[in-house]
Amino acid sequence: MRPAGSELPPLEIPLTRTLIVAGAIASRDYQDVHHDPGSARDKGSPDVFMNILTTNGLVGRYITDHFGPTAVLRKVAIRLGVPNYPGDTMVLTGRIEEVDGDTATVRVVGANGLGTHVTGTVTVTVPEEARP
Amino acid sequence: MEMRADDRQARLASYEGLPAAATGTGRDPVNLPMIRHWCEAMGDTSPAYRGPDAIAPPTMLQAWTMAGLSGHGDRSGPYVELLRLLDDLGCTSVVATDCEQEYLRPLRPGDTITFDTVIESVSGRKTTRLGTGHFVTTRTDVRADGDLAGTHRFRILKYAPARTKAPAGRRPRPVVNRDNAGFWQGVAEHRLLIQRCTGCGTPRHPWLPGCNACGGLGWDTFEAGGEGTVHSYVVMHHPPFPAFDPPYAVALVQLAEGVRMVSNVIGVPYDKVRIGMPVRLEFAACDDELTLPVFRAVAA
């Protein structure tokens, strides 16, 4: 396990319309603001935007991509800021805040062209024998 | 709905601690096709989610509880009632703000999902960038074949949308009165008239009934040549007003004749305006009825 203070390499996520719609449907979230631009505009949003479940999934993927397939997510806590709209890019960055044995707490931030889309904390356990 | 603020808060708070609804059941047991669709959407290629020993991505926890397009059938209960009450209070829009999940054991294909949700809290009225409303926090225990597999705390903001960008209104009209009518008459004729005391000769701006230097009440006017420099300036970022498009620079211009006036500097980006910058008078037509004196940056 890398020590507290280490930075994770950033992950760039192109925010395609396809990703936003596929993420909403894969998470069974049929709120129209996540797939129907006309309805999104009627509700005051300039376009469809990513649902929180997709953001949560991407944050989880960012951590398990880095720590490998044996990593076990214990806790994912996120807060949303500005929306993820199609055509933008979100860059996820992470920093190990705390290490306790084989368990790390990672602070994650996802920023897009408008500002901070997500801030969060992930607790992940990486079993001793299977360290990357 | 008209309701006194404390009545409203008491009524909203009465939902805290109540179960959101009866125990729910996931529409489908945990299954590989839904896991695959999720991984494809997320671009998640982890081998942990494939093959005979596949587990579900932990962050799918909420997805197994989602009603989907066909709904959960009759899910009436305190949560639906609370959302309806907030609708009635004008908080008709909703946005998810927080999600906190704890995973106690992995979910595997075949697990049957049941879940119980409690309304943890309803906040007081909060004003946010989106509008004014209430945060509603729920906590859901998710069980797999009856065993607690994870918890899921979820917060939404139910809000009345803030009016989006104000319509491009007209520039505010100047207040024209007997003391300054001559100034605005001059502007309409594209002449910048400076008031001058006939007693001591001191020029003054803005127009006033008396002289600040000698107290004299007599005055006449003369026309400004139009040369000036930026004496000071501010850049307006917030709040936005109709007809103004922030950020923009508001300058105090020192005229060659010795008086200063507040105006806009044009012909230069707002962040390139500098103290001492030479400027020259122009007249800008804001609309059919309003012309304003403004100052254009002069290339050094």
Side-chain angles (χ1 to χ4, degrees), chain A residues 11 13-14 16 18-31 33-34 41-46 49-83 115 118-125, chain B residues 26-28 33-51 55 57-71 92-106 129-131 150-157 159 161-165:
Chain A
L11 175 65
I13 310 269
T16 61
T18 305
L19 167 60
I20 289 165
V21 174
I25 302 310
S27 56
R28 295 180 54 72
D29 184 347
Y30 290 86
Q31 296 283 336
V33 291
H34 304 311
R41 278 194 295 274
D42 289 346
K43 294 190 165 91
S45 173
F49 56 93
M50 184 176 282
N51 70 338
I52 192 168
L53 290 86
T54 302
T55 301
N56 204 42
L58 292 172
V59 168
R61 175 195 148 193
Y62 177 51
I63 296 301
T64 50
D65 273 3
H66 178 74
F67 289 96
T70 61
V72 180
L73 293 180
R74 300 290 182 199
K75 200 172 167 188
V76 176
I78 61 167
R79 167 163 293 179
L80 296 191
V82 296
V118 59
T119 52
T121 305
V122 179
T123 308
V124 60
T125 298
Chain B
R27 298 281 305 183
D28 296 288
M34 279 175 62
I35 292 172
R36 185 167 53 79
H37 294 161
W38 172 280
C39 290
E40 285 176 0
M42 303 300 159
D44 196 328
T45 57
S46 170
Y49 312 136
R50 296 194 304 259
I55 60 165
T59 52
M60 274 189 88
L61 187 68
Q62 188 187 2
W64 304 112
T65 70
M66 296 289 279
L69 206 44
S70 49
T92 52
S93 292
V94 64
V95 65
T97 60
D98 295 78
C99 173
E100 297 171 24
Q101 298 183 332
E102 218 166 324
Y103 314 110
L104 304 180
R105 75 130 163 111
R129 188 174 47 82
L130 292 170
T151 61
H152 167 67
R153 181 177 282 114
F154 203 64
R155 187 167 300 126
I156 61 166
L157 173 65
Y159 65 99
R163 275 186 302 153
T164 45
K165 206 169 180 180

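This is a predicted model, so every value here is computed, not measured.
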Compare every heavy atom of A/Ala77 with every heavy atom of B/Glu100, then report the nearest pair and how far apart it is.
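For B/Glu100 versus A/Ala77, the nearest heavy atoms are CG-CB, 3.7 Å.
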
Minimum-distance pair of heavy atoms, taken over all atoms of B/Leu61 and B/Glu102:
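Of all heavy-atom pairs spanning B/Leu61 and B/Glu102, the closest is CD2-O, 4.3 Å.
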
In terms of heavy-atom pairs under 4.5 Å with chain A, which of B/Ala48, B/Ser46, B/Pro57, B/Pro58 leads?
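The candidate making the most pairs under 4.5 Å is B/Pro58.
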
Among B/Arg153, B/Gln62, B/Glu40, B/His37, which residue forms the greatest number of heavy-atom pairs with chain A at distances under 4.5 Å?
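The residue among B/Arg153, B/Gln62, B/Glu40, B/His37 with the greatest pair count is B/Gln62.
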
Given a strict heavy-atom distance threshold of 4.5 Å, which part of B/Arg155 is in contact with chain A: side chain, backbone, both, or neither?
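Side chain only.
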
Just checking, is any N or O donor in the side chain of A/Asn56 or B/Gln101 under 3.5 Å from an acceptor N or O on the other one?
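Yes.
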
Considering residues at least two apart in sequence or located in another chain, which fulfil the ring-ring contact (aromatic ring centres under 6.0 Å, His included) criterion with A/Phe49?
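For A/Phe49 the ring-ring contact (aromatic ring centres under 6.0 Å, His included) partners, ignoring immediate neighbours, are A/His34.
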
Return the set of residues passing ring-ring contact (aromatic ring centres under 6.0 Å, His included) with B/Phe154 (not counting sequence neighbours), or none when no residue passes.
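With sequence neighbours excluded, B/Phe154 shows a ring-ring contact (aromatic ring centres under 6.0 Å, His included) to B/His152, given in chain and number order.
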
Which portion of [X] sits near chain B, non-hydrogen atoms under 4.5 angstrom:
X: A/Asn51; value: neither
X: A/Leu73; value: both
X: A/Ser27; value: both

